Amino acid sequence: MNFSRAFAPYLEFAKKAFAREATYRIEVFSEIGSLVLRVYLVRSLWTALYLQNAAPINLPLHAMITYATVALLMSLILEVDGTRLIRDKIRDGSIATDLMKPISVPFYLFSDGFGRTALHAFTIIPSLLLALLLVRIDVPPVPVLLWFSLSFAIGYCVNFLLNFLMNAVAFWTIESFAAQLIVRWTSDLLSGSIIPLTFFPSFLGRLVFALPFAAIYSTPLLIYVGVASPADYTRMVGVQLAWLALFGVISYATWRAAERRIVVQGG
Amino acid sequence: MFRTVRRSTGPLGALRTLFSREYDEKVAVGGVTMSVDAGELIGYIGPNGAGKSTTIKMLTGILVPTSGEVSVAGVVPYRRRTENARNIGVVFGQRSQLYWDLPLIESFELLRAIYSIPRDRYRRNLDAFVDLLAMNDFLHTPVRQLSLGQRMRGDFAAAMLHDPRIVFLDEPTIGLDVVAKENIREFIRGVNLERGTTVILTTHDLADVERLCSRIVLIDEGTIVYDGDVSRIKSQYGRTRTLKVVFTHPVAAPALDGAHLDGVEGQIARFHFERDRVRADALIRQASERYDITDIALEEPDLESIIRTIYLEGYDGVRSEA
């Protein structure tokens with residue numbers, strides 16, 4: 001079995017997911033509209049907050065607005081729950097038919113999520129153009145952009161595995177919505193997608209940087225806006241990779257355990 | 001072995017279930033020992049909850065047995081799930097493996113990639129199945145818009161595209177009309193004869209079994225109670241015959257020696273008798289001597305009524321009666 005043949009099914013899964021997602025046109029358009037509205041809101045919010053308070057030295061208003069806007073654009077990709085499919089498949093039992101195919105189900109889920117994400121990634125372009133009518137975004141030099149891209153890619157994988165683990169809870173409980181909401185809220189607050197983690201006071205600040213959520217939004221964003229100095233890049237990306245590895249191991253173990261306890265409902 | 005949560009009853013039962021759990025342990029499949037030769041077409045039947053699906057799940061590798069051995073084409077399914085998957089095809093009557101939102105043909109294309117089927121073989125199989133199952137009209141229709149009959153045909157093709165050596169069919173004709181059922185049966189027979197595919201058919205429709213299978217495996221409460229020819233189970237356990245007699249004029253209380261009256265409806269009376277105790281021709285002679293008769297018919301039990309008796313009275317019940 002050569003590599004391209006082994007890879008072919010997953011490419012096909014991604015393509016099918018992309019095509020499927022593209023059929024929901026209204027959802028895609030409203031997503032762009034909602035994003036532009038949120039860009040306007042964060043601009044107003046941070047402008048007002050900066051008027052009332054002394055700006056932090058390393059994060060002036062224009063950098064803050066860049067941070068918030070880039071975070072929103074990233075959310076177009078990161079808010080796609082690429083593994084929601086697991087929950088649906090457990091509930092309707094079709095996970096069983098997937099397991100009867102000569103494929104790796106986790107890679108299938110990843111490809112499907114990736115295909116769906118790819119479609120949403122395209123909405124970044126119109127969203128960005130529209131957002132530029134409202135805000136000015138700083139553009140860092142190319143090496144920083146490359147580090148940002150690398151860090152974002154790792155963040156995407158960490159986020160994917162986090163979602164995977166949340167959805168995999170459904171293997172044990174059938175329903176996992178509540179667990180998911182809690183993690184989502186925690187993640188929204190502690191990942192740096194809304195408030196830069198550097199704003200958290202001393203002890204809390206150290207705590208949030210020690211949590212895995214920081215690897216999702218905060219690390220790439222701090223690189224992008226220049227709060228992180230180039231000397232720290234390797235260490236920061238290294239921490240992300242460590243989280244990715246840890247989540248990878250946990251996910252693998254979870255999957256193995258889940259695979260062993262599949263009981264199809266009403267079979 | 002299954003562990004199920006025991007639900008408490010009573011007004012506070014649901015609450016109690018939420019906080020404390022007691023488990024019931026149940027052996028789903030305990031006494032199933034069987035071997036199937038390549039190219040066989042067997043009917044695997046039993047009442048709901050007998051353990052049929054559990055067996056199929058173990059054979060397809062998605063359920064790990066707590067004890068015992070399973071081997072499919074030389075592969076232990078749960079140890080080497082993906083390798084096993086290449087050897088098998090599965091059709092569930094109640095669950096489609098086609099991609100709901102996509103045109104049928106795209107599901108086939110996806111399966112070509114999944115099983116890495118060489119293009120020429122894929123083309124040849126697809127053409128053959130499109131022809132056999134008359135799928136030309138809806139090949140490009142999204143699966144969600146297909147009728148049940150069309151979807152089932154699609155599912156059959158999907159399960160067979162990679163030339164599996166063994167196919168598991170779980171109630172493949174459920175919900176289909178008579179014509180569609182017959183078409184599917186023809187297809188199953190054809191695949192078994194021409195491609196030599198081993199078929200394990202699980203169904204509640206015993207007409208499927210009667211038409212297709214020479215061997216039947218009957219399972220009840222996780223144990224095999226019969227494994228053998230369809231004709232043998234019929235001759236051995238279907239010894240009761242029904243004699244239908246149509247009289248010229250209504251008869252008040254008809255009686256025949258050696259036969260039991262089941263009931264009278266107008267001019268028609270039904271008797272049943274044990275084939276090995278009373279001879280049918282003797283009964284017929286007796287009837288024609290006693291009464292004026294316009295018509296007489298001998299009915300032998302179909303597989304369904306035999307199996308029904310086994311389900312209701314147990315296997316031994318049938319044996320002792322016979």
Side-chain angles (χ1 to χ4, degrees), chain A residues 1-25 85 88-108 111-112 115-116 119 171-175 255-267, chain B residues 1-4 28 48-49 51-64 66 77-78 80-92 94-103 106-107 109-118 142 144 155 158-159 162 164 167-168 170 202:
Chain A
M1 176 76 46
N2 64 41
F3 180 76
S4 75
R5 256 173 75 185
F7 190 67
Y10 304 103
L11 189 66
E12 208 61 30
F13 286 136
K15 281 203 265 184
K16 295 284 184 267
F18 187 90
R20 195 182 62 218
E21 205 67 5
T23 55
Y24 303 111
R25 281 164 51 198
L85 204 58
D88 301 342
K89 280 181 165 295
I90 292 170
R91 207 176 314 160
D92 68 16
S94 60
I95 187 98
T97 31
D98 293 324
L99 283 167
M100 291 175 194
K101 301 230 167 67
I103 50 167
S104 149
V105 174
F107 279 117
Y108 158 47
S111 322
D112 188 90
R116 289 176 51 206
L119 181 92
F171 276 111
W172 284 267
T173 63
I174 304 294
E175 190 46 84
W255 174 254
R256 287 309 298 263
E259 213 181 3
R260 293 207 150 238
R261 68 156 285 150
I262 286 176
V263 178
V264 185
Q265 295 171 63
Chain B
M1 186 96 81
F2 272 129
R3 238 161 53 118
T4 52
N48 289 324
K52 298 186 300 287
S53 296
T54 307
T55 316
I56 300 293
K57 279 178 209 158
M58 288 190 287
L59 291 168
T60 50
I62 61 166
L63 204 61
V64 184
T66 42
Y78 62 91
R80 292 146 94 182
R81 182 177 61 76
T82 53
E83 195 181 326
N84 184 51
R86 289 186 187 280
N87 289 332
I88 63 169
V90 187
V91 175
F92 291 105
Q94 318 217 53
R95 181 182 300 151
S96 182
Q97 57 167 321
L98 303 167
Y99 288 77
W100 204 240
D101 297 313
L102 300 173
E106 291 200 32
S107 280
E109 291 285 342
L110 192 57
L111 289 164
R112 190 187 65 72
I114 290 175
Y115 291 99
S116 354
I117 309 168
R144 67 183 129 81
D155 259 306
H162 60 289
V167 288
F168 300 99
D170 194 349
T202 299

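None of the values given here were measured: they were computed from a predicted structure. The figures here come from the full heavy-atom set of this structure, side chains too, leaving out hydrogens, waters and symmetry mates. Residue numbering restarts at 1 for every chain, and letters A, B, ... go by the order of the sequence lines.
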Side chain / backbone / both / neither for [X] at chain A, heavy atoms under 4.5 Å:
X        : result
B/Ile56  : neither
B/Leu102 : side chain
B/Phe168 : neither

Non-hydrogen side-chain atoms of B/Tyr115 and A/Lys101 separated by less than 4.5 Å: yes
- request: Determine whether A/Met100 and B/Phe92 make a side-chain contact, defined as any pair of heavy atoms from C-beta on separated by less than 4.5 Å.
  value: yes
message: Would the distance check show the side chain of B/Arg81 and the main-chain N or O of A/Leu99 forming a donor-acceptor pair, the cut-off being under 3.5 Å?
response: yes
message: Using heavy-atom distances under 4.5 Å, tell me whether A/Tyr108 contacts chain B through its side chain, its backbone, both, or neither.
response: side chain
Please report the shortest heavy-atom distance between [X] and [Y], naming the atom on each side.
X        : Y        : result
B/Ala113 : A/Pro9   : O-CG, 3.3 Å
B/Ile62  : A/Ala96  : CD1-CB, 3.6 Å
B/Thr82  : A/Pro102 : O-CB, 3.5 Å

task: Among the options B/Leu110, B/Leu111, B/Ile88, B/Val90, pick out the one with the most heavy-atom pairs lying under 4.5 Å from chain A.
output: B/Leu110
message: Would you compute the distance between atom NZ of A/Lys16 and atom CD of B/Glu106 and round it to the nearest 0.5 angstrom?
response: 4.5 Å
message: Check this for me: A/Phe107, atom CZ, are more than 12 non-hydrogen atoms of other residues, nucleotides or ligands nearer than 6.0 Å?
response: no
